[in-house]
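Data block below; observations after.
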Amino acid sequence: MPAFAAPDGTPLAYHVVGEGEPLLCLPGGPMRASGYLGDLGGLSERRRLIKLDLRGTGDSGRPADPATYRCDRQVADVEALRVHLGLDRVDLLAHSAAGDLALLYAARHPQRIRTLTLVTARARALGVDFTEAHRREAAALRTAEPWFGAAYDAYERVWAGSATDADWDAIVPFFYGRWDAAAQAHAASEVAQTHEEAAESYASGGAFAPDEARAAVAGMDARVLLLAGELDSGPLPRIAADIAQLIPRAELVVQPGAGHYPWLDDPRRFTRTVATFLGQESAGLAV
């Protein structure tokens with residue numbers, strides 16, 4: 001697989017899927033190898049997906065200094081990938097926890113962003129986070145699901161701080177719009193793909209300076225898409241709307257019936273939404 005060196009010398013790998021204009025893709029988790037993104041529901045038929053394995057994950061090397069797993073310290077890795085690819089400006093897509101990394105990159109290098117697509121993305125970098133109340137609000141939408149009772153009981157133990165590994169496994173269906181065979185297979189790969197030590201460092205103290213980041217993105221000229229899942233809790237659609245208010249030229253699309261992985265729940269709708277956004281010339285989004 002192709003690779004390049006981060007500024008500190010750590011070897012970083014990326015995976016290329018599809019043809020066409022490049023779309024740089026940052027995986028969430030946090031610190032989950034990019035393989036779980038797959039072809040983003042067939043988006044690779046429209047764009048060439050360049051999926052970065054963050055340091056210490058997937059096929060990328062582990063850094064000499066574990067402190068560099070912190071989110072803000074990985075901004076230089078994204079910039080190094082841009083330089084390696086020889087791109088003046090990039091279309092950047094980030095999922096989940098990688099929303100923080102993408103926002104920090106945009107804050108530090110606004111002139112390098114052509115478009116930014118934030119898929120069910122976190123925005124702790126801007127001082128916006130999800131809460132237990134948000135989880136409960138989204139969970140209440142799933143009461144008709146056959147797995148709801150056992151999963152919600154497990155959620156209660158998670159919130160109480162008494163969860164077992166089995167409880168963490170039991171709540172996973174809440175993160176998918178449909179708990180079918182494809183979702184179950186996708187979820188089963190998470191543990192093996194995640195670097196737990198790095199994940200613990202990702203949002204550690206000092207990673208975010210929300211006031212500075214808000215001021216920086218407030219001056220950003222790039223178009224931004226926030227794609228939220230109707231059933232997702234991180235962020236809830238209304239919280240995604242709050243995030244959109246902090247970013248000029250930001251547009252919000254809520255995918256019906258989708259959870260945290262909308263490209264699995266309805267690949268065609270997801271692909272159409274993102275491809276339309278990336279291909280449009282005006283600021284208005286018609287999907």
Side-chain angles (χ1 to χ4, degrees), residues 1-4 6 10-18 22-44 47-63 68-82 84-85 90-106 116-125 172 175-176 183 185-203 207 225-227 229 232 234-235 258-265 267 270 274:
M1 89 293 304
F4 64 102
T10 302
L12 301 178
Y14 60 96
H15 303 265
V16 181
V17 183
L23 176 64
L24 274 58
C25 302
L26 304 180
M31 301 306 289
R32 185 174 178 181
S34 66
Y36 83 95
L37 296 173
D39 67 353
L40 285 174
L43 188 60
S44 60
R47 300 295 293 260
R48 177 160 49 102
L49 308 183
I50 298 174
K51 304 185 300 178
L52 176 64
D53 280 341
L54 303 182
R55 54 180 50 222
T57 71
D59 293 313
S60 288
R62 297 198 173 195
T68 61
Y69 289 132
R70 206 174 74 178
C71 181
D72 59 320
R73 294 175 178 168
Q74 295 192 61
V75 170
D77 295 349
V78 181
E79 175 63 0
L81 175 57
R82 181 198 67 79
H84 168 76
L85 295 171
V90 298
D91 293 319
L92 187 63
L93 179 147
H95 174 245
S96 190
D100 287 326
L101 177 56
L103 287 166
L104 291 181
Y105 179 81
L116 176 58
T117 301
L118 299 172
V119 179
T120 58
R122 203 162 70 182
R124 288 183 181 176
V172 171
F175 295 88
Y176 293 85
H186 187 265
S189 68
E190 181 176 7
V191 172
Q193 291 175 334
T194 302
H195 184 176
E196 293 293 346
E197 176 193 355
E200 292 176 2
S201 298
Y202 186 77
L225 170 67
L226 285 87
L227 195 158
D232 192 23
H260 200 57
Y261 305 92
W263 64 90
L264 290 178
D265 297 319
F270 174 84
V274 177

Looking only at heavy atoms, what is the nearest atom pair of [X] and [Y], with distance?
X    : Y    : result
A207 : L104 : O-CD1, 3.9 Å
G41  : P267 : O-CB, 3.5 Å
R32  : G29  : CB-CA, 3.9 Å
Y36  : G28  : OH-N, 2.6 Å
P2   : V16  : CG-CG2, 4.3 Å

key: All side-chain hydrogen bond (donor to acceptor under 3.5 Å, both in side chains) counterparts of T120, not counting sequence neighbours   =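 Listed in chain order: H95.
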Mind checking side-chain contact (heavy atoms from CB on, under 4.5 Å) for [X] and listing every partner two or more places apart, or none if nothing turns up?
X    : answer
V172 : Y176, W179, A187
P11  : none
A121 : L118
P30  : A97, A199, Y202

Under the ring-ring contact (aromatic ring centres under 6.0 Å, His included) test, residues paired with Y14 that sit two or more places apart =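 With sequence neighbours excluded, Y14 shows a ring-ring contact (aromatic ring centres under 6.0 Å, His included) to H84, given in chain and number order.
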task = Please identify each residue that fulfils ring-ring contact (aromatic ring centres under 6.0 Å, His included) with H15, with sequence neighbours left out.
result =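 Listed in chain order: nothing, the list is empty.
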Less than 4.5 Å apart, any side-chain heavy atom of [X] and any of [Y]?
X    : Y    : result
L93  : L26  : no
L54  : P27  : yes
R82  : Y105 : yes
V274 : W263 : no
L85  : L24  : yes
S201 : M31  : no
R62  : Y69  : yes
L227 : T117 : no

For the pair [X] (side chain) and [Y] (backbone), establish whether a donor and an acceptor sit closer than 3.5 Å, ignoring hydrogens and angles.
X    : Y    : result
D265 : G259 : yes
K51  : G38  : yes
R47  : P22  : yes

[atom1] of [X] to [atom2] of [Y]: how many Å apart, nearest 0.5 Å?
X   : Y   : atom1 : atom2 : result
D59 : L52 : CG    : CG    : 11.0 Å
L92 : I50 : CG    : CD1   : 11.0 Å
L43 : C25 : CG    : SG    : 7.0 Å

For [X], which residues count as a salt bridge (charged side-chain N to carboxylate O under 4.0 Å, His left out) partner, sequence neighbours excluded?
X   : answer
R73 : none
D53 : none
D77 : R55
D72 : R70

message = For L12 and L81: C-alpha separation, side-chain torsions, deciding distance, then whether side chain to side chain contact (heavy atoms under 4.5 Å, CB included) applies.
response = CA-CA 9 Å; L12 301 178; L81 175 57; over 6 Å; no
request  = Give every residue pair that meets the salt bridge (charged side-chain N to carboxylate O under 4.0 Å, His left out) criterion with at least one member in residues 93-104, sequence neighbours excluded.
outcome  =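 Qualifying pairs: D100-R122.
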